[in-house]
There are 2 protein chains.
Amino acid sequence: MADGVDAIQEGWRRERPDFPVESIGVITRIWRLAQWFSDDRRRTLRALDTDPSTLDLLSTLRRSGEPYAMTPAELAEASLISAGAISQRVAKAERAGWVHTERGASGKRTSRVRLTEAGLWLNEQLVGDLLAHEQTLVEHLSPGERAQLTELLRKLLAGLG
Amino acid sequence: MADGVDAIQEGWRRERPDFPVESIGVITRIWRLAQWFSDDRRRTLRALDTDPSTLDLLSTLRRSGEPYAMTPAELAEASLISAGAISQRVAKAERAGWVHTERGASGKRTSRVRLTEAGLWLNEQLVGDLLAHEQTLVEHLSPGERAQLTELLRKLLAGLG
DNA sequence: TCCCAGTTGTTTAGACCTAAACTCTTCCGC
DNA sequence: GCGGAAGAGTTTAGGTCTAAACAACTGGGA
(Lines give C-alpha, C1' and ligand atoms only; values in the text may rest on other atoms or scores of the structure.)
Protein backbone atom coordinates (compact mmCIF):
# COMPACT_ATOMS: atom_id res chain seq x y z
CA MET A 1 0.00 0.00 0.00
CA ALA A 2 2.33 2.74 -1.29
CA ASP A 3 1.53 6.30 -2.23
CA GLY A 4 3.33 9.02 -4.19
CA VAL A 5 5.37 9.97 -1.17
CA ASP A 6 6.84 6.49 -0.91
CA ALA A 7 7.89 6.88 -4.54
CA ILE A 8 9.82 10.04 -3.67
CA GLN A 9 11.54 8.30 -0.77
CA GLU A 10 12.43 5.34 -2.90
CA GLY A 11 13.77 7.60 -5.61
CA TRP A 12 16.21 9.14 -3.19
CA ARG A 13 17.11 5.79 -1.63
CA ARG A 14 17.98 4.48 -5.07
CA GLU A 15 19.92 7.55 -6.16
CA ARG A 16 21.53 8.53 -2.88
CA PRO A 17 21.37 5.71 -0.34
CA ASP A 18 23.38 7.84 2.06
CA PHE A 19 20.69 10.49 2.51
CA PRO A 20 18.40 10.31 5.57
CA VAL A 21 14.94 10.16 4.03
CA GLU A 22 12.76 9.41 7.03
CA SER A 23 11.52 13.01 7.41
CA ILE A 24 10.08 12.96 3.90
CA GLY A 25 7.46 10.48 5.01
CA VAL A 26 6.16 12.94 7.56
CA ILE A 27 6.82 16.37 6.08
CA THR A 28 5.86 15.70 2.47
CA ARG A 29 2.67 13.96 3.55
CA ILE A 30 1.78 16.92 5.70
CA TRP A 31 2.34 19.21 2.71
CA ARG A 32 0.16 17.09 0.49
CA LEU A 33 -2.62 16.83 3.03
CA ALA A 34 -2.53 20.58 3.59
CA GLN A 35 -2.77 21.15 -0.14
CA TRP A 36 -5.61 18.70 -0.48
CA PHE A 37 -7.63 20.27 2.34
CA SER A 38 -6.95 23.77 0.98
CA ASP A 39 -8.06 22.86 -2.51
CA ASP A 40 -11.16 21.18 -1.17
CA ARG A 41 -12.09 24.21 0.87
CA ARG A 42 -11.42 26.58 -2.01
CA ARG A 43 -13.67 24.56 -4.31
CA THR A 44 -16.44 24.34 -1.74
CA LEU A 45 -16.33 28.04 -0.99
CA ARG A 46 -16.08 29.10 -4.59
CA ALA A 47 -19.40 27.38 -5.24
CA LEU A 48 -20.81 29.65 -2.52
CA ASP A 49 -19.15 32.78 -3.93
CA THR A 50 -16.52 33.18 -1.25
CA ASP A 51 -12.95 32.14 -0.56
CA PRO A 52 -10.87 30.81 2.32
CA SER A 53 -9.26 34.18 3.13
CA THR A 54 -12.60 35.86 3.61
CA LEU A 55 -13.94 32.96 5.65
CA ASP A 56 -10.89 33.08 7.88
CA LEU A 57 -11.43 36.77 8.53
CA LEU A 58 -15.12 36.38 9.32
CA SER A 59 -14.54 33.30 11.47
CA THR A 60 -11.85 34.98 13.51
CA LEU A 61 -14.22 37.84 14.28
CA ARG A 62 -17.08 35.44 14.99
CA ARG A 63 -15.03 33.29 17.32
CA SER A 64 -14.00 36.32 19.34
CA GLY A 65 -17.60 36.61 20.54
CA GLU A 66 -19.72 39.73 20.95
CA PRO A 67 -19.37 42.39 19.71
CA TYR A 68 -17.51 40.63 16.86
CA ALA A 69 -14.96 43.42 16.49
CA MET A 70 -11.14 43.41 16.48
CA THR A 71 -8.34 45.78 15.49
CA PRO A 72 -6.25 44.98 12.40
CA ALA A 73 -3.27 44.19 14.63
CA GLU A 74 -5.29 41.66 16.61
CA LEU A 75 -6.55 40.10 13.42
CA ALA A 76 -3.03 39.79 12.03
CA GLU A 77 -1.84 38.04 15.17
CA ALA A 78 -4.80 35.68 15.32
CA SER A 79 -4.62 34.81 11.63
CA LEU A 80 -0.85 34.36 11.45
CA ILE A 81 -0.57 36.59 8.39
CA SER A 82 0.99 40.00 7.82
CA ALA A 83 -0.74 43.27 8.62
CA GLY A 84 -0.65 44.15 4.94
CA ALA A 85 -2.61 41.05 4.07
CA ILE A 86 -5.20 41.96 6.70
CA SER A 87 -5.70 45.35 5.07
CA GLN A 88 -6.40 43.65 1.79
CA ARG A 89 -8.72 41.02 3.26
CA VAL A 90 -10.67 43.66 5.12
CA ALA A 91 -10.98 45.86 2.03
CA LYS A 92 -12.35 42.94 0.06
CA ALA A 93 -14.79 41.83 2.76
CA GLU A 94 -15.92 45.41 3.22
CA ARG A 95 -16.69 45.76 -0.48
CA ALA A 96 -18.83 42.63 -0.18
CA GLY A 97 -20.59 44.01 2.87
CA TRP A 98 -19.50 41.34 5.36
CA VAL A 99 -17.59 43.68 7.68
CA HIS A 100 -17.53 47.37 8.47
CA THR A 101 -14.50 49.35 9.60
CA GLU A 102 -15.20 51.71 12.47
CA ARG A 103 -12.65 54.47 12.66
CA GLY A 104 -12.01 56.28 15.91
CA ALA A 105 -13.03 59.90 16.38
CA SER A 106 -12.03 62.26 13.57
CA GLY A 107 -8.57 61.55 12.30
CA LYS A 108 -7.82 58.80 14.81
CA ARG A 109 -5.42 56.19 13.62
CA THR A 110 -6.99 53.28 15.48
CA SER A 111 -9.82 51.35 13.93
CA ARG A 112 -11.90 48.29 14.62
CA VAL A 113 -13.19 45.82 12.10
CA ARG A 114 -16.67 44.56 12.93
CA LEU A 115 -18.87 41.86 11.45
CA THR A 116 -22.06 43.13 9.87
CA GLU A 117 -25.36 41.28 10.29
CA ALA A 118 -24.91 39.87 6.81
CA GLY A 119 -21.36 38.79 7.61
CA LEU A 120 -22.45 37.08 10.79
CA TRP A 121 -25.23 35.24 9.00
CA LEU A 122 -22.95 34.17 6.15
CA ASN A 123 -20.35 32.88 8.54
CA GLU A 124 -22.82 30.76 10.51
CA GLN A 125 -23.89 29.05 7.30
CA LEU A 126 -20.42 28.49 5.94
CA VAL A 127 -18.78 27.23 9.10
CA GLY A 128 -21.61 24.87 9.94
CA ASP A 129 -21.50 23.33 6.49
CA LEU A 130 -17.72 23.20 6.31
CA LEU A 131 -17.22 21.57 9.69
CA ALA A 132 -19.80 18.92 8.88
CA HIS A 133 -18.10 18.25 5.56
CA GLU A 134 -14.60 18.18 6.99
CA GLN A 135 -15.64 15.81 9.71
CA THR A 136 -16.45 13.29 6.99
CA LEU A 137 -12.96 13.73 5.56
CA VAL A 138 -11.26 12.47 8.71
CA GLU A 139 -13.73 9.69 9.41
CA HIS A 140 -11.73 7.24 7.35
CA LEU A 141 -9.78 6.99 10.56
CA SER A 142 -11.31 5.34 13.60
CA PRO A 143 -12.04 7.51 16.65
CA GLY A 144 -8.94 6.08 18.32
CA GLU A 145 -6.77 6.82 15.34
CA ARG A 146 -8.09 10.37 15.11
CA ALA A 147 -7.27 10.99 18.75
CA GLN A 148 -3.82 9.48 18.31
CA LEU A 149 -3.16 11.56 15.21
CA THR A 150 -4.30 14.73 16.93
CA GLU A 151 -1.90 14.12 19.80
CA LEU A 152 1.04 13.35 17.54
CA LEU A 153 0.42 16.47 15.46
CA ARG A 154 0.12 18.57 18.58
CA LYS A 155 3.36 17.20 19.92
CA LEU A 156 5.17 17.73 16.63
CA LEU A 157 3.89 21.29 16.36
CA ALA A 158 4.77 22.09 19.97
CA GLY A 159 8.28 20.72 19.44
CA LEU A 160 8.97 23.22 16.69
CA GLY A 161 8.83 26.17 19.06
CA MET B 1 -0.58 21.55 27.29
CA ALA B 2 -2.73 23.56 24.85
CA ASP B 3 -1.71 25.25 21.63
CA GLY B 4 -3.30 27.89 19.37
CA VAL B 5 -5.41 25.26 17.68
CA ASP B 6 -7.06 24.29 20.95
CA ALA B 7 -7.94 27.96 21.38
CA ILE B 8 -9.74 27.93 18.05
CA GLN B 9 -11.66 24.79 18.98
CA GLU B 10 -12.61 26.23 22.35
CA GLY B 11 -13.72 29.47 20.72
CA TRP B 12 -16.19 27.58 18.57
CA ARG B 13 -17.28 25.35 21.42
CA ARG B 14 -18.09 28.43 23.46
CA GLU B 15 -19.84 30.31 20.65
CA ARG B 16 -21.54 27.42 18.89
CA PRO B 17 -21.61 24.28 21.05
CA ASP B 18 -23.62 22.55 18.34
CA PHE B 19 -20.82 22.58 15.76
CA PRO B 20 -18.67 19.44 15.30
CA VAL B 21 -15.17 20.75 15.94
CA GLU B 22 -13.15 17.54 16.03
CA SER B 23 -11.75 17.92 12.51
CA ILE B 24 -10.17 21.26 13.43
CA GLY B 25 -7.73 19.46 15.67
CA VAL B 26 -6.41 17.50 12.73
CA ILE B 27 -6.83 19.78 9.72
CA THR B 28 -5.77 23.07 11.25
CA ARG B 29 -2.72 21.48 12.82
CA ILE B 30 -1.77 20.03 9.46
CA TRP B 31 -2.09 23.48 7.90
CA ARG B 32 0.06 25.07 10.57
CA LEU B 33 2.72 22.39 10.33
CA ALA B 34 2.79 22.72 6.55
CA GLN B 35 3.19 26.46 6.88
CA TRP B 36 5.93 26.09 9.45
CA PHE B 37 7.90 23.63 7.35
CA SER B 38 7.45 25.78 4.24
CA ASP B 39 8.63 28.92 5.99
CA ASP B 40 11.59 27.07 7.42
CA ARG B 41 12.60 25.75 4.03
CA ARG B 42 12.15 29.12 2.38
CA ARG B 43 14.37 30.81 4.96
CA THR B 44 17.03 28.14 4.70
CA LEU B 45 17.09 28.25 0.93
CA ARG B 46 17.02 32.03 0.72
CA ALA B 47 20.26 32.11 2.69
CA LEU B 48 21.69 29.92 -0.07
CA ASP B 49 20.27 32.09 -2.87
CA THR B 50 17.56 29.69 -4.00
CA ASP B 51 13.93 28.93 -3.30
CA PRO B 52 11.69 25.90 -2.76
CA SER B 53 10.22 25.98 -6.27
CA THR B 54 13.62 25.75 -7.89
CA LEU B 55 14.75 23.03 -5.49
CA ASP B 56 11.63 21.03 -6.24
CA LEU B 57 12.31 21.22 -9.95
CA LEU B 58 15.96 20.20 -9.61
CA SER B 59 15.14 17.42 -7.15
CA THR B 60 12.47 15.95 -9.36
CA LEU B 61 14.95 15.75 -12.21
CA ARG B 62 17.65 14.37 -9.94
CA ARG B 63 15.42 11.69 -8.47
CA SER B 64 14.46 10.49 -11.92
CA GLY B 65 18.03 9.21 -12.35
CA GLU B 66 20.28 9.45 -15.40
CA PRO B 67 20.13 11.30 -17.70
CA TYR B 68 18.28 13.73 -15.40
CA ALA B 69 15.88 14.86 -18.12
CA MET B 70 12.09 15.04 -18.27
CA THR B 71 9.45 16.67 -20.45
CA PRO B 72 7.43 19.58 -19.04
CA ALA B 73 4.33 17.38 -18.88
CA GLU B 74 6.15 14.75 -16.82
CA LEU B 75 7.45 17.46 -14.50
CA ALA B 76 3.97 18.88 -14.01
CA GLU B 77 2.59 15.49 -13.10
CA ALA B 78 5.41 14.66 -10.71
CA SER B 79 5.32 18.07 -9.03
CA LEU B 80 1.54 18.31 -8.71
CA ILE B 81 1.48 21.81 -10.17
CA SER B 82 0.10 23.21 -13.41
CA ALA B 83 1.96 23.11 -16.69
CA GLY B 84 2.04 26.89 -16.72
CA ALA B 85 3.87 26.96 -13.42
CA ILE B 86 6.42 24.48 -14.80
CA SER B 87 7.13 26.82 -17.71
CA GLN B 88 7.88 29.59 -15.28
CA ARG B 89 10.00 27.45 -12.98
CA VAL B 90 12.02 26.16 -15.90
CA ALA B 91 12.54 29.66 -17.30
CA LYS B 92 13.85 30.84 -13.95
CA ALA B 93 16.13 27.86 -13.40
CA GLU B 94 17.43 28.17 -16.92
CA ARG B 95 18.33 31.82 -16.38
CA ALA B 96 20.31 30.71 -13.33
CA GLY B 97 22.03 27.97 -15.31
CA TRP B 98 20.73 24.98 -13.34
CA VAL B 99 18.84 23.37 -16.22
CA HIS B 100 18.93 23.43 -19.99
CA THR B 101 15.99 22.95 -22.30
CA GLU B 102 16.69 20.69 -25.25
CA ARG B 103 14.30 21.29 -28.07
CA GLY B 104 13.65 18.63 -30.66
CA ALA B 105 14.88 19.03 -34.22
CA SER B 106 14.07 22.34 -35.88
CA GLY B 107 10.60 23.52 -34.99
CA LYS B 108 9.65 20.44 -33.00
CA ARG B 109 7.14 21.04 -30.26
CA THR B 110 8.52 18.50 -27.83
CA SER B 111 11.29 19.44 -25.46
CA ARG B 112 13.14 17.95 -22.56
CA VAL B 113 14.41 19.77 -19.51
CA ARG B 114 17.77 18.50 -18.34
CA LEU B 115 19.89 19.21 -15.27
CA THR B 116 23.20 20.90 -16.01
CA GLU B 117 26.37 19.90 -14.19
CA ALA B 118 25.98 22.98 -12.01
CA GLY B 119 22.37 22.11 -11.30
CA LEU B 120 23.27 18.57 -10.34
CA TRP B 121 25.99 19.76 -8.01
CA LEU B 122 23.77 22.40 -6.40
CA ASN B 123 21.02 19.88 -5.83
CA GLU B 124 23.29 17.38 -4.12
CA GLN B 125 24.40 20.04 -1.66
CA LEU B 126 20.95 21.41 -0.95
CA VAL B 127 19.14 18.12 -0.54
CA GLY B 128 21.83 16.63 1.67
CA ASP B 129 21.75 19.63 3.97
CA LEU B 130 17.97 19.95 3.99
CA LEU B 131 17.27 16.32 4.76
CA ALA B 132 19.74 16.37 7.62
CA HIS B 133 18.14 19.52 8.97
CA GLU B 134 14.58 18.29 8.58
CA GLN B 135 15.42 15.03 10.27
CA THR B 136 16.19 17.06 13.38
CA LEU B 137 12.77 18.73 13.16
CA VAL B 138 10.91 15.45 13.59
CA GLU B 139 13.21 14.01 16.22
CA HIS B 140 11.19 15.54 18.99
CA LEU B 141 9.09 12.45 18.41
CA SER B 142 10.43 9.03 19.38
CA PRO B 143 11.14 6.54 16.58
CA GLY B 144 7.92 4.73 17.44
CA GLU B 145 5.89 7.90 17.35
CA ARG B 146 7.41 8.89 14.02
CA ALA B 147 6.48 5.53 12.53
CA GLN B 148 2.98 5.77 13.94
CA LEU B 149 2.53 9.32 12.63
CA THR B 150 3.77 8.31 9.20
CA GLU B 151 1.24 5.49 9.03
CA LEU B 152 -1.65 7.65 10.19
CA LEU B 153 -0.81 10.36 7.67
CA ARG B 154 -0.52 7.80 4.91
CA LYS B 155 -3.88 6.34 5.80
CA LEU B 156 -5.54 9.75 5.99
CA LEU B 157 -4.07 10.77 2.64
CA ALA B 158 -5.06 7.51 0.99
CA GLY B 159 -8.60 7.85 2.31
CA LEU B 160 -9.07 11.14 0.50
CA GLY B 161 -8.90 9.50 -2.89
C1' DT C 1 -2.70 13.75 -49.15
C1' DC C 2 -5.31 16.67 -46.47
C1' DC C 3 -7.97 18.13 -42.65
C1' DC C 4 -9.02 18.84 -38.16
C1' DA C 5 -9.35 17.35 -33.45
C1' DG C 6 -6.46 16.34 -29.65
C1' DT C 7 -2.02 17.04 -27.27
C1' DT C 8 1.75 19.74 -25.61
C1' DG C 9 3.90 23.84 -24.21
C1' DT C 10 3.87 29.02 -23.44
C1' DT C 11 1.86 33.34 -22.31
C1' DT C 12 -1.20 36.29 -19.92
C1' DA C 13 -4.60 37.96 -16.51
C1' DG C 14 -5.95 37.75 -11.99
C1' DA C 15 -5.35 36.30 -6.94
C1' DC C 16 -3.09 36.61 -2.77
C1' DC C 17 0.80 36.74 -0.09
C1' DT C 18 5.22 39.05 1.98
C1' DA C 19 8.41 42.67 2.69
C1' DA C 20 9.31 47.14 2.67
C1' DA C 21 8.23 51.89 2.04
C1' DC C 22 5.22 55.28 3.52
C1' DT C 23 1.81 58.07 6.36
C1' DC C 24 -0.05 59.39 10.43
C1' DT C 25 -0.68 59.01 15.53
C1' DT C 26 0.83 58.32 20.12
C1' DC C 27 3.58 59.14 23.85
C1' DC C 28 8.02 59.36 26.40
C1' DG C 29 11.64 62.34 28.15
C1' DC C 30 13.34 66.69 28.54
C1' DG D 1 4.66 71.87 25.76
C1' DC D 2 8.08 69.93 22.11
C1' DG D 3 10.59 66.82 19.39
C1' DG D 4 11.44 62.58 17.83
C1' DA D 5 11.15 57.53 18.32
C1' DA D 6 7.95 53.84 18.35
C1' DG D 7 3.57 52.02 16.93
C1' DA D 8 -0.48 51.21 13.75
C1' DG D 9 -2.35 50.85 9.36
C1' DT D 10 -2.14 51.23 4.29
C1' DT D 11 0.01 51.06 -0.10
C1' DT D 12 3.07 49.26 -3.42
C1' DA D 13 6.50 46.21 -5.71
C1' DG D 14 7.62 41.69 -6.51
C1' DG D 15 6.95 36.74 -6.55
C1' DT D 16 4.39 32.42 -7.47
C1' DC D 17 0.48 30.07 -8.35
C1' DT D 18 -3.98 28.81 -11.25
C1' DA D 19 -7.03 29.15 -15.05
C1' DA D 20 -7.73 30.27 -19.40
C1' DA D 21 -6.33 31.93 -23.84
C1' DC D 22 -3.15 31.06 -27.29
C1' DA D 23 0.25 28.77 -30.49
C1' DA D 24 2.17 24.86 -32.64
C1' DC D 25 2.81 20.02 -33.51
C1' DT D 26 0.81 15.17 -34.17
C1' DG D 27 -1.83 11.62 -36.03
C1' DG D 28 -5.97 9.18 -37.56
C1' DG D 29 -9.59 8.93 -41.04
C1' DA D 30 -11.70 10.25 -45.40
Side-chain angles (χ1 to χ4, degrees), chain A residues 31-32 34-36 38-47 49-58 60 69-96 99-114, chain B residues 31-32 34-36 38-47 49-58 60 69-96 99-114:
Chain A
W31 274 329
R32 295 212 173 176
Q35 179 95 46
W36 201 98
S38 291
D39 288 350
D40 184 68
R41 211 175 239 211
R42 185 177 12 246
R43 270 193 306 275
T44 305
L45 291 175
R46 169 154 4 156
D49 262 320
T50 350
D51 57 272
S53 311
T54 300
L55 178 69
D56 187 41
L57 174 64
L58 305 189
T60 302
M70 297 171 72
T71 66
E74 290 167 344
L75 286 168
E77 191 194 343
S79 305
L80 304 178
I81 64 174
S82 66
I86 289 290
S87 277
Q88 296 175 55
R89 286 185 178 186
V90 169
K92 181 175 179 180
E94 191 149 23
R95 282 196 298 276
V99 302
H100 177 66
T101 300
E102 307 174 331
R103 294 202 164 62
S106 68
K108 282 275 166 46
R109 193 69 182 157
T110 59
S111 67
R112 292 180 76 76
V113 180
R114 178 199 290 266
Chain B
W31 274 329
R32 295 213 173 175
Q35 179 95 44
W36 201 98
S38 291
D39 288 350
D40 184 66
R41 209 174 242 213
R42 179 150 24 87
R43 269 194 305 275
T44 304
L45 291 175
R46 170 157 359 159
D49 262 320
T50 349
D51 57 271
S53 312
T54 300
L55 177 69
D56 186 42
L57 174 65
L58 305 190
T60 302
M70 298 170 73
T71 66
E74 291 166 344
L75 286 168
E77 192 194 343
S79 305
L80 304 179
I81 63 174
S82 67
I86 289 290
S87 278
Q88 297 175 56
R89 286 185 178 186
V90 169
K92 181 175 180 181
E94 190 150 23
R95 281 197 299 277
V99 302
H100 178 65
T101 300
E102 308 174 331
R103 295 201 164 62
S106 68
K108 282 276 166 43
R109 191 72 183 155
T110 59
S111 67
R112 293 180 75 76
V113 180
R114 178 198 288 266

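Here the structure is a predicted model, which means the values were calculated and not measured.
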Listed pairs, N/O of protein and of nucleotides 14-18 of chain D, under 3.5 Å:
unit_1	atom_1	unit_2	atom_2	d
D/dT16	OP1	B/Lys92	NZ	2.4
D/dC17	OP1	B/Ser53	OG	3.2
D/dC17	OP1	B/Arg89	NE	2.9
D/dC17	OP1	B/Arg89	NH2	2.7
D/dT18	OP2	B/Ser82	N	3.1
D/dT18	OP2	B/Ser82	OG	2.8

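- A/Arg41 is not listed as a side-chain neighbour of A/Thr44, based on a closest heavy-atom distance of 4.5 Å or more.
- The CZ-C1' distance, from A/Arg42 to C/dC17, rounds to 13 Å in whole Å.
- Judged as a side-chain hydrogen bond (donor to acceptor under 3.5 Å, both in side chains), the pairs with a partner in residues 78-91 of chain A (not counting sequence neighbours) are, in order, A/Asp56-A/Arg89.
- In the set D/dG9, D/dT10, C/dG9, C/dG9 carries the atom at the smallest distance from any side-chain atom of B/Ala73.
- One atom, CZ of B/Arg43, and another, P of C/dA19, lie 10 Å apart when rounded to the nearest Å.
- Remark: of the listed residues A/Val113, A/Ile86, A/Leu75, A/Leu75 is the sole one forming a side chain to side chain contact (heavy atoms under 4.5 Å, CB included) with A/Thr60.
- Between B/Ala69 and B/Arg112, the shortest heavy-atom distance links the atoms O-NH2, 3.1 Å.
- The CZ-P distance, from A/Arg41 to C/dC16, rounds to 15 Å in whole Å.
- For B/Leu75 and C/dG9, the CG to P distance is 9 Å, given to the nearest whole Å.
- B/Leu57 places its CG atom 14 Å from the P atom of C/dG9, with the value rounded to the nearest Å.
- A/Asp49 pairs by the salt bridge (charged side-chain N to carboxylate O under 4.0 Å, His left out) definition with nothing, not counting sequence neighbours.
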Could you check A/Leu80 against B/Gln35 for side chain to side chain contact (heavy atoms under 4.5 Å, CB included), going step by step and ending with a plain yes or no?
CA-CA 10 Å; A/Leu80 304 178; B/Gln35 179 95 44; over 6 Å; no
